[in-house]
Amino acid sequence: MSQFIPKLLCVLFLGLPLVSHASELRLLIDMLHENDMISEQQYDRLLAELEQNQQHAAKEKQQIVEKLELATQPSEVEVSAKGGLRISSTDGEFETRIRGRLMIDAADYDGAPQIADGTNIRRARLAWSGRIYRDWLFKLDYDFSDGGELKDSYIGYSGFSQARLRMGLMEIPLGLQYRSSSANSQLIERSLLGAFGGDRYIGVMADTKRQHWSAAAGVFGDDANEQRERNDEGWGVGARVTMAPFNHNNNVLHFGLASFYRHLNDQATLRFDEQPEARVAGFDIVDTGIIPGARTYTRTGLEWAVVHNRWSAQAEYMLSDVSRETGQDITFSGGHFQSGFFLTADSLNYENGDFGSPQPNQPLGEGGIGAWELVARYSSLDLTDKDVTGGEIDSLTFGLNWYPVPMLRFSANYVNVLNVDGGPNAGQEPRIFLVRSQWAF
Amino acid sequence: MSQFIPKLLCVLFLGLPLVSHASELRLLIDMLHENDMISEQQYDRLLAELEQNQQHAAKEKQQIVEKLELATQPSEVEVSAKGGLRISSTDGEFETRIRGRLMIDAADYDGAPQIADGTNIRRARLAWSGRIYRDWLFKLDYDFSDGGELKDSYIGYSGFSQARLRMGLMEIPLGLQYRSSSANSQLIERSLLGAFGGDRYIGVMADTKRQHWSAAAGVFGDDANEQRERNDEGWGVGARVTMAPFNHNNNVLHFGLASFYRHLNDQATLRFDEQPEARVAGFDIVDTGIIPGARTYTRTGLEWAVVHNRWSAQAEYMLSDVSRETGQDITFSGGHFQSGFFLTADSLNYENGDFGSPQPNQPLGEGGIGAWELVARYSSLDLTDKDVTGGEIDSLTFGLNWYPVPMLRFSANYVNVLNVDGGPNAGQEPRIFLVRSQWAF
Amino acid sequence: MSQFIPKLLCVLFLGLPLVSHASELRLLIDMLHENDMISEQQYDRLLAELEQNQQHAAKEKQQIVEKLELATQPSEVEVSAKGGLRISSTDGEFETRIRGRLMIDAADYDGAPQIADGTNIRRARLAWSGRIYRDWLFKLDYDFSDGGELKDSYIGYSGFSQARLRMGLMEIPLGLQYRSSSANSQLIERSLLGAFGGDRYIGVMADTKRQHWSAAAGVFGDDANEQRERNDEGWGVGARVTMAPFNHNNNVLHFGLASFYRHLNDQATLRFDEQPEARVAGFDIVDTGIIPGARTYTRTGLEWAVVHNRWSAQAEYMLSDVSRETGQDITFSGGHFQSGFFLTADSLNYENGDFGSPQPNQPLGEGGIGAWELVARYSSLDLTDKDVTGGEIDSLTFGLNWYPVPMLRFSANYVNVLNVDGGPNAGQEPRIFLVRSQWAF
């Protein structure tokens, strides 16, 4: 309910004659008096009575107006249970949101090597976020799966025009697939590029999102679980810039560039490994093992994406340069290309730098069948360079997504590892059938 | 507030003459005109004035009706803080609930063997559940005690008539005492049959609850913490059916039958053990140790319960057949009989297949003393068969429950282990005095 | 909105003539009849018409009054998102609150010994508390940082006059700095006295808070994570009394005395250690190691605090007497004196026995710059006695606090360890620059 109602009400009432029935009666009385039908004394009594009743009526009307004003006063808070919970003060000063996501996976692994079939709670997250005193943001996010892990948890300031500054535990600004929520990736798992992505550190980050570009830059310490007594923790610095020359009405062209430099702590060891685009078994198919002497590394990523109504495509390429105290510097790399097509009249949801959750245009239960999407991806990852032979892998994944209503998703993926060169699992090419059921809001 | 008010309001108003004061005045004017008391010109002016004022009055009344309609519009959400938090949209499409339970235990162990007296936070749970788009259910439940553990967490569909289908982490459909919430068990801990019960696995389950019967069946993978690299996870399948030929006005007769088959993962070990109906010390009084060669096992349970106003009784019997790769197949068994009586005019709360929380008819602070219940139970468990000598135990437990108001419970139990034959604690019969304070909603 | 509105409305309306326009018309009709301007028959018709319309009008007015009553009915719940979430029933029977705090630290350690620079999520807490059936309290509090730990979680009864009784996991009643929330300590970390403080055990505690005094006493078992099989858990008993002869308008004089006796469990080991007033690195600068033969210990604390408008000072002194089965009894001691001064027109927030969060009088964004406070503290701790040489440390800490708006805090501390005598780090005096960003509500 708008808070402008009571004032409007007043104006309307005051614009009307306060006692509308009186004037014709007064006219009649005047006429009768004029025509000498009633005596002077009678006339005076009538006018007095009329006056008194007009005052009564005016008072009565005023009371109704006031009570109506009170009754139509807007609530001080707005409450929504539309997936999660959102409570906000109507003056825009305060907001509290409870959000979460649950992902239930099952996988069947075929071919060599023998990998464990099974089930997994991939994510079970509860996030509490909000706003206080208009400009200040807070967030606490936790994943209850696999023993529990703190996710994005910070304090922020959004009093700048379209930008925000945050301090706390946050994911680094790198890569389109990692900047988009895990709940919104087109295939069940992100690509093999996951070997280089998704770290969360404690730091300070500024970012902004506009219709045609976005930017983020931050400086970071170590992760939330790192607590060392003697050797300094590691640190890092990174930035990401994206452009979207076209971005309107489900027609998007996106480019992105990001780089992240990281200095390990003195005792830390560096290792890159990756599972074959399914995370039920916890089996790494490529794995550098501990890279001797590694002290710093720089990841650089290129992004491209396009959305044209039902159709979308994305590609990313990433380099990871490792600088070592002993031994030569080494470089790993990887990339993927993926494309999706909605069988229903739906589209990916570009959110100025990353992808949000698709909103089915015709939800199940409202005359539609939800949104259905076909996706294919080719990924490649090379973890072999110089003395480090982590292995090289190419993989093809096909997927079908069904979003019956917003916030719900059911997906089936078929992962076909094409080729594994070198590394601990050279020559072994598993195939995986993977399904996920998910709620996320 | 009902959403039918505004329409009703309209109808009532429209059924009335819109300008009620006018007709007698018009009548008078017509009479005076007829009697030639006023001139033709005066008559015309009066009618014009009357007409104008009638229009004004009609407009004014219309505005009041509209504002009242607005003011009596029902809220879009309903909010309740009556124990936990419940927010639902009035259209029935969305609901969010925050629930939890805390159980604080203290125990004094007497007799042999020496067992640790002490205190324990038995459960500290926070559960978030709800409904989106009318038919879809979600739940995330976590126990913060003892290092933390994910409990029932799923996605569900309830669009069928009286049935639901769920995917995720759930307790298996086995046993009356485990199908009823731990917050509602008549004695502080469930019986010695706990040795065979209460597993949670990731799977798919369908269930339905009717007044006179209930059914549940599911197929399951492994538990939420199991993540293997090489050996396939375990799996299981089970079903439970209950009947309640009598079920009305606190008079219930219940029968149940359930069976659950489980195939262990290739590396898993099977072990049955149980504490003496108190879980403060963590001391197992009977224990098979690892059963060599066990690969699959089948648990079969029979249930019986009766409620007659203040009085109730339950009995369960369970078999656990273990099939082994090496060595003979073995069978363990157990059962309990328990009976309770409310000293106050209260009754157990049968919920079509399991027991809910008793609702004291005369809460403390509203003229009553809450609900008081006396309970006794005899339990027996035999974990010795062939080459496996886990021990055989008989136990008698007495309890007093006080529910001062709904959602709160204070209980005192006296556990008397009657006999322990064989196994690691043969001949040792501890006695335990156990108290619990609990909130649960 | 008050629930007294509808009744008031009724009274006002009923006090007015129900059909106000009628009387002057009736008067006119009577006059015309009296003056023989209308016939007897006309007069009767007019009166009948008038009567009918009066009844209609009365009915119409009654309907408006009823609808207005309905529209101005007060809501059954009050909802606030002003930092966290608070939902309460307007009848005062039920309340649910979701609260939390996040503290993000970064530290730079200088001097000897080499200690790890870095970052830390110091606390990431979510607390759910409330009231049911007016008198019963519940709380569940969890810290998600550092792997997770259950905090104050209990069931309580507040039906006594100004006192409450609680059962569950609670902090012991000892020490002014530990009785005040970590979010409200004037310096980032509590003083070196932390070596003797802040334990949480499962127990029963009664407490009361008045304007001029407070008292708390409890008996406790062991902590929430302790679960022993054979040896009895430890237990303790303690009490704290405070007086505030002056306590009004930001002028406070506070004295306190507390003592806590603890009996260790049979296998437990006792050890006192402490970090140098920063908890990023996890490095203990003084450390007794395991004290051989310790079975019980008694901590006794003296408190003094004064607030005079912008200025405040506090001092605490604590003794820890350890009684041993083998070897002589030993005594450790420590104390601190700290003083703060607000640069802005603000004051510490004394809450009848401890300190709450300062509420900036002139928040940022409302014409002010928030609250700014300077603080200095001298701390001393002696963990060396007889055969135990944990070390003796003196330390000086300076701090600046900025509270831009309520619930937010940014602090910078400079910790200067003056002297370390004996113990594992004898002669090493680190200096630490420490910053914290925090939201807490």
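In what follows, chains carry the letters A, B, and so on, assigned in the order in which the sequence lines appear, proteins first and then strands, with residues in each chain numbered from 1. In what follows, every heavy atom counts, from backbone to side chain, and hydrogens, waters and symmetry copies are set aside.
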Using residues 430-441 of chain B as the side-chain source, report each donor-acceptor pair under 3.5 Å to any protein atom, sequence neighbours left out, with the distance given to one decimal.
unit_1 : atom_1 : unit_2 : atom_2 : d
B:R436 : NE     : B:D105 : OD1    : 2.7
B:R436 : NH1    : B:I188 : O      : 3.1
B:R436 : NH2    : B:D105 : OD2    : 3.0
B:R436 : NH2    : B:E189 : OE2    : 2.9
B:Q438 : NE2    : B:A183 : O      : 2.9
B:W439 : NE1    : C:Y154 : O      : 2.9

Given that the side chain runs from C-beta out, which part of [X] has a heavy atom under 4.5 Å from chain B: side chain, backbone, both or neither?
X: C:L46; result: both
X: C:I155; result: both
X: C:Y157; result: neither
X: C:Y142; result: side chain
X: C:L28; result: side chain
X: C:L150; result: side chain

Show every ring-ring contact (aromatic ring centres under 6.0 Å, His included) that has at least one partner inside residues 65-90 of chain B, sequence neighbours left out. none
Do B:N401 and B:S411 have side-chain atoms, one donor and one acceptor, less than 3.5 Å apart? yes
Side chains of C:E40 and C:H33: is there a donor and an acceptor less than 3.5 Å apart? yes
Which of residues 357-367 of chain B have a heavy atom under 4.5 Å from any heavy atom of chain C? B:L364, B:E366
Just wondering, more than 12 heavy atoms not from [X] lying within 6.0 Å of its [atom1]?
X: B:Q114; atom1: CD; value: yes
X: C:R295; atom1: CZ; value: yes
X: C:Q162; atom1: CD; value: yes

To the closest 0.5 Å, what do you measure between CD (C:Q62) and CD (C:E66)? 4.5 Å
Quick check with a 6.0 Å cut-off and a 45 degree axis cone: is C:R262 positioned over the face of C:Y201's six-membered ring? yes
Salt-bridged, B:K61 to C:E60, with N to O below 4.0 Å? yes
Please state whether the side chain, the backbone, both or neither of [X] comes within less than 4.5 Å of a heavy atom of chain C.
X: B:I121; answer: both
X: B:N35; answer: side chain
X: B:F410; answer: side chain
X: B:M37; answer: side chain

Of C:E233, C:E93, C:R45, the largest count of non-hydrogen pairs under 4.5 angstrom with chain B goes to C:E233
Any idea which of B:G118, B:A124, B:A81 has the most non-hydrogen atom pairs under 4.5 angstrom with chain C? B:A81
So the salt bridge (charged side-chain N to carboxylate O under 4.0 Å, His left out) pairs with at least one residue in residues 144-155 of chain C (sequence neighbours excluded) are C:E149-C:K151, C:D152-C:R200
Proximity of C:W235 and C:Y261 rings by center, below 6.0 Å: yes
